[in-house]
Amino acid sequence: MNSHDVDYRILGHDIQVLEIELDPGESVIAEAGTMVYMEEAIAWDTRMGDGSEPDQGFFGKLLQAGTRMITGESLFMTHFSHAGSHGKAHVGFSAPYPGTIMPLDLRTLPQGVIVQKDGFLAAARGTKLSIHFNQRIGSGFFGGEGFILQKLTGDGKAFIHAGGTVIERRLNNEVLRVDTGCVVAFEPGIDFSIARAGNLKSMIFGGEGLMLATLRGTGRVWLQSMPVKKLIQALMPNGANAQKESGTVLGGLGRIFDE
């Protein structure tokens, strides 16, 4: 087994904390800035790369870190290790906005899992993070959330964060249409593309945006009920009305005339 076998528990409900329990010599990797607390035996270090290839040279680590910057993440990752010789030690992490922390056992995902670019929270050391480009050109033009993604592979535990409630759907050669920002993760057997949201009337008056994500194939899909962009809109003055208008052509035209 390449990944460290870590134990964990998830605390709270709406704004959750992930607590990882480490035995001596075990390590976990996490996004920079997500640590909430750590016990005395925990040592931490900021490094380029995820540590899945310990013999990787400097330029290999630099290349891996550079691809993370393309996804909008930090150049560095933080590694937390139990530096003591006995007992257990704990380190806690939280996401930057309210939602749900979702554990994944990568042993049940032999081809890995594809995650939205800001969805990764933490993972057992040995988990490999790589960039995943959606080959559908429409995803780049119309669905920014679905063009540049991350892929997690390994044989340990990984943890991703979703806004609001997580919905897991299992597709069996089926098609599911989703708001582009609500896709958290999916298995590689799922084809992700961007399609027009209905006819012209629906696009103008529907309030659901100009484009929808289309998920097609066989495998698991994880969705989030409150992506961060909707949360920000809801917290703005007149947020509910602004959110409804932002999804329509007329709403966009109205803002032009307001300026």
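Just so you know, these numbers come straight off a predicted model, no measurement behind them.
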Ring centres under 6.0 angstrom apart (Y97, H161): yes

Heavy-atom check, side chain of E174 versus side chain of L176, under 4.5 Å: no

Polar side-chain atom of N173 near backbone of T218 as donor-acceptor pair, under 3.5 Å: no

Under 3.5 Å: donor-acceptor pair, side chain of E26, backbone of D7: no

Single-linkage hydrophobic cluster M38~Y8, side-chain heavy atoms < 4.5 angstrom: yes

In one Ile/Leu/Val/Met/Phe/Trp/Tyr side-chain cluster, 4.5 Å: M77, L121: no

Shortest non-hydrogen contact between P24 and S85, atoms and distance: CG-C, 3.8 Å

From E39 atom CD to K88 atom NZ, the distance as rounded to the nearest 0.5 Å: 11.5 Å

Side chain to side chain contact (heavy atoms under 4.5 Å, CB included) assessment of V184 paired with L223: CA-CA 5 Å; V184 179; L223 310 175; 5.6 Å; no

Chi angles and distances behind the side chain to side chain contact (heavy atoms under 4.5 Å, CB included) call for C182, T180: CA-CA 6 Å; C182 290; T180 55; over 6 Å; no

hydrophobic_cluster_shared for F80 and V17, side chain cutoff 4.5 Å: no

Heavy-atom side-chain proximity of V91 to E21 below 4.5 angstrom: no

Closest non-hydrogen atom pair between V113 and L109, with its separation: CB-CD1, 4.1 Å

Gap between atom CE of M226 and atom OG1 of T100 - 0.5 Å precision: 11.5 Å

Q116 versus L149, closest heavy-atom pair with distance: CA-CD2, 3.8 Å

More than 12 heavy atoms from other groups under 6.0 Å of CD on Q111: no

Main-chain N/O of T78 paired with T46 side-chain donor or acceptor, under 3.5 Å: no

Side-chain heavy-atom pair D191, L215 within 4.5 angstrom cut-off: no

V115 and L152, any side-chain heavy atoms less than 4.5 Å apart: yes

Expected output: side-chain Q224 to main-chain A162 donor-acceptor under 3.5 Å: no

Closest non-hydrogen atom pair between R216 and V175, with its separation: NH1-CG2, 3.3 Å

Within the 6.0 Å centroid threshold, strictly below: F159 and F93: no

Any side-chain heavy-atom pair of F120 and L129 under 4.5 Å: yes

Parallel, tilted or perpendicular: ring planes of F192 versus F186, cut at 30 and 60 degrees: parallel

Minimum heavy-atom distance between T153 and G112, given as atom pair plus value: CG2-CA, 3.8 Å

Same cluster (ILVMFWY, side-chain, under 4.5 Å), I20 and I10: yes

Gap between atom OG1 of T214 and atom CD1 of I190 - 0.5 Å precision: 12.0 Å

Donor-acceptor contact below 3.5 Å, side chain H4 vs main chain L22: no

Minimal non-hydrogen separation, A158 against L106, with atom names: CB-CD1, 4.1 Å

Side chain proximity check, W44 to H79, heavy atoms < 4.5 angstrom: no

From CG (L11) to CD1 (I101), nearest 0.5 Å: 8.5 Å

From I167 atom CD1 to S225 atom OG, the distance as rounded to the nearest 0.5 Å: 5.5 Å

Straight-line distance of R220 CZ to L104 CG, nearest 0.5 Å: 7.5 Å

